[in-house]
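Numbered from 1 within each chain, the chains take letters A, B, ... in sequence-line order. Note that the structure is predicted; figures quoted are calculated from it, not measured.
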2 protein chains.
Amino acid sequence: MKAKATLKNISSLLGISISTVSRALSDHPDISATTKLKVRELAEMLDYEPNSYAVYLRTNASKVLGLIVEDISNNFYDSVISAIEKETRKIGYSLLILQSSNDPEIEQSCIRLCKYNRAAGIFIALSSSGTDMAPFRKLEENGTHIVFMDKVPDDEGFDKVAMNDVRAAVIAADALLEKKHETIFALFGDKEFSITRNREKAFTEQVSKLSSGTKLLTGYAKDRISAREQTRLALDSQERPDALFCMSDEILAGAIKAVQSSGLRIPEDIAIIGISNGYIPTLFSPEITYVETSGHALGIQAFESMMNHLNGLTNPISVEVPVRLVRAGSL
Amino acid sequence: MKAKATLKNISSLLGISISTVSRALSDHPDISATTKLKVRELAEMLDYEPNSYAVYLRTNASKVLGLIVEDISNNFYDSVISAIEKETRKIGYSLLILQSSNDPEIEQSCIRLCKYNRAAGIFIALSSSGTDMAPFRKLEENGTHIVFMDKVPDDEGFDKVAMNDVRAAVIAADALLEKKHETIFALFGDKEFSITRNREKAFTEQVSKLSSGTKLLTGYAKDRISAREQTRLALDSQERPDALFCMSDEILAGAIKAVQSSGLRIPEDIAIIGISNGYIPTLFSPEITYVETSGHALGIQAFESMMNHLNGLTNPISVEVPVRLVRAGSL
DNA sequence: AATATTTCCGCAAACCTTTGCATATCAAAT
DNA sequence: ATTTGATATGCAAAGGTTTGCGGAAATATT
């Protein structure tokens with residue numbers, strides 16, 4: 001195992017001082033052009049890499065960011081992560097991606113790891129709604145900036161970035177009601193999450209506002225299996241819905257299986273609309289019309305919030321990421 | 001911004017030396033029980049976290065691992081990453097996840113970032129097949145262990161972990177030919193990748209071995225769109241296939257859309273089998289039978305290889321991750 | 001020719017931790 | 001009373017970097 005090149009190393013080889021080498025490499029005006037050249041050449045030759053640990057120790061400015069989500073294998077968060085990773089790398093920072101598995105205890109250990117790495121900031125999608133905010137306040141006090149993503153807390157005083165849930169639900173209702181429908185079956189996620197409540201409220205209100213004659217059936221599913229089962233029951237029932245709204249990919253994936261095995265035609269027998277990042281809806285034929293909540297856009301926004309703070313902007317900002325309708329053949 | 005607690009900090013507060021504090025916290029036998037207690041209590045109170053950068057500088061043993069894949073948003077790699085992240089965190093290490101975007105140049109900058117962080121090891125799924133191995137040899141010389149995953153180089157002398165491609169293709173052929181089929185349409189990925197060639201060779205050989213009467217049509221698709229188009233053509237052609245083999249999720253996703261819009265029934269009119277991590281095949285009704293190439297299993301294996309090396313095992317090992325048939329309703 | 005100014009470079013401290021070695025205290029053994 | 005041994009603690013160096021300050025040499029100014 002070869003010894004790593006160091007400043008000391010280079011300086012003694014060149015017969016100059018360590019500080020001169022350091023300054024030469026960082027293009028300090030005090031150093032002459034000729035010296036800079038010599039130093040740079042040798043550094044190149046020896047494959048010199050500054051020791052980031054020593055740098056941190058001296059400067060106290062870490063170049064690592066943390067990111068905590070419940071699971072990397074999630075086709076919304078993966079695009080959020082993908083965006084943030086690219087941006088982070090672009091500015092020469094390192095990103096620590098951690099999975100909380102939706103468990104507050106694991107979430108804590110993820111945070112500990114961020115602290116251990118002296119992360120300058122943490123992006124986090126909260127695991128559960130009733131999380132204790134005290135640790136996060138402490139983190140901020142200690143100089144670790146927090147940006148909450150997607151599932152954001154109600155507390156003021158933090159940077160937050162979330163999809164515009166209300167708008168998404170309204171757009172979905174609008175699109176669905178462009179054509180007349182007798183009965184809409186609207187399938188939502190876990191009632192515990194505020195995201196569910198927001199979307200349900202907005203969707204319901206918009207439907208009754210636009211078309212008070214339309215019957216609205218509502219269901220809640222915690223997972224794909226349950227979504228499938230409830231959809232099956234609805235389709236078999238007396239008042240078979242002729243329109244289906246799914247508030248998330250997970251829900252959509254379950255519901256559409258029920259539709260497929262029912263033999264009903266999309267959109268002739270039943271219209272479908274979802275809220276999605278865009279991957280799942282394109283897997284089927286016809287493709288499903290959806291309101292796009294772009295993970296990529298959310299990631300970019302979150303990163304921007306982080307940068308703003310790291311560059312000195314101090315007042316916390318709450319951002320809503322815009323959504324848009326993507327039309328396909330399911331309406 | 002509060003000042004971080006340090007050993008010096010604690011030591012002066014307690015009126016004892018830094019070394020004593022350090023040893024007390026690491027449970028060194030030289031330190032008396034009473035001192036240990038006092039130190040631990042204060043450390044707890046002050047929220048002391050050892051400064052990992054200082055630790056590294058002193059011990060020269062970094063606790064970070066790097067991982068490079070083309071894209072995090074990939075429903076095979078995401079499960080690989082998920083597994084490795086959890087294992088890495090379990091041993092108190094930090095994982096740096098980086099995306100090469102299938103670009104050798106970006107791949108190099110990812111590697112630079114790993115070097116900058118003094119990663120003890122790097123997991124990597126190569127971006128292109130004809131990659132120059134020299135940088136990786138150099139990395140090993142400098143003490144950074146490399147574990148190649150999935151798309152592994154031919155070179156000897158490296159740790160490698162890959163799916164058992166040949167076996168996967170053979171199992172798929174076996175399962176497909178349990179029932180008689182007139183014409184099989186087998187759709188593969190980019191011919192450039194050795195993974196494609198391996199799977200094609202194995203599949204073709206097995207088909208002709210088991211059932212020389214069966215007609216085998218072969219196609220190559222670089223993406224989903226192309227897979228869909230080729231499948232559509234095949235289904236519209238004179239000799240419509242009654243069986244379909246898709247070598248990957250991407251291919252399957254495209255092909256199945258063509259099948260769905262053709263109106264053909266699965267499996268009555270056409271049987272389908274794929275090779276997959278398991279997510280995509282369960283989205284449809286009936287669910288698609290597939291040979292499981294588990295990203296999770298691959299991740300676990302890769303991590304194990306890394307650990308073996310970090311614990312002193314030096315000779316490089318090449319591991320093939322086993323695959324298995326998951327039966328559903330598409331055959 | 002003396003002084004002022006610029007240009008270039010080195011000294012040394014500090015960041016926080018780990019660890020080999022020395023030291024101090026006290027009890028037990030001679 | 002002296003030595004031995006064990007127990008508990010401290011000293012100081014090292015790891016690689018950045019940076020304020022001081023200083024020597026070269027150049028410019030009077």
Once you apply a heavy-atom cut-off of 4.0 Å, does A:S26 come out as touching a base, just sugar-phosphate, or nothing? nothing

Heavy atoms only, 4.0 Å cut-off, all strands: where does B:N51 land among base, sugar-phosphate and nothing?
sugar-phosphate

Report yes or no: does B:N51 contribute a side-chain atom to a donor-acceptor pair with the main-chain N or O of B:T6 at less than 3.5 Å? no

Notebook entry, point to check: Quick one: does A:S11's side chain have a donor or acceptor within less than 3.5 Å of a partner on A:V21's backbone?
Noted result: no

To the nearest angstrom, how far is [X] atom [atom1] from [N] atom [atom2]?
{"X": "B:L57", "N": "D:dG15", "atom1": "CG", "atom2": "C1'", "answer": "4 Å"}
{"X": "A:N60", "N": "D:dT19", "atom1": "CG", "atom2": "P", "answer": "12 Å"}
{"X": "B:H28", "N": "D:dA8", "atom1": "NE2", "atom2": "C1'", "answer": "11 Å"}
{"X": "A:I18", "N": "C:dC11", "atom1": "CD1", "atom2": "P", "answer": "9 Å"}
{"X": "B:R23", "N": "D:dA8", "atom1": "CZ", "atom2": "C1'", "answer": "10 Å"}
{"X": "A:L7", "N": "C:dC15", "atom1": "CG", "atom2": "P", "answer": "19 Å"}
{"X": "A:Y53", "N": "C:dC16", "atom1": "OH", "atom2": "P", "answer": "17 Å"}

Of the candidate nucleotides [options], which contains the atom at the shortest distance from the side chain of [X]?
{"X": "B:T20", "options": "D:dG16, D:dT9, D:dT17", "answer": "D:dT9"}
{"X": "B:V55", "options": "D:dT9, D:dG15, C:dT17", "answer": "C:dT17"}
{"X": "B:K8", "options": "C:dC8, C:dC15, D:dT17", "answer": "C:dC15"}
{"X": "B:D30", "options": "D:dA8, C:dC16, C:dC8", "answer": "D:dA8"}
{"X": "B:S17", "options": "D:dG10, D:dT17, C:dT17", "answer": "D:dG10"}

Go through the N and O atoms of the side chain of A:S19 and the base of C:dC11, and report whether any donor-acceptor pair is under 3.5 Å.
yes

Worksheet item: Is it the case that more than 12 heavy atoms not belonging to B:N315 sit under 6.0 Å from its CG atom?
Response: yes

Q. Any ion pair linking A:D71 and B:K86 (charged N to carboxylate O, less than 4.0 Å)?
A. no

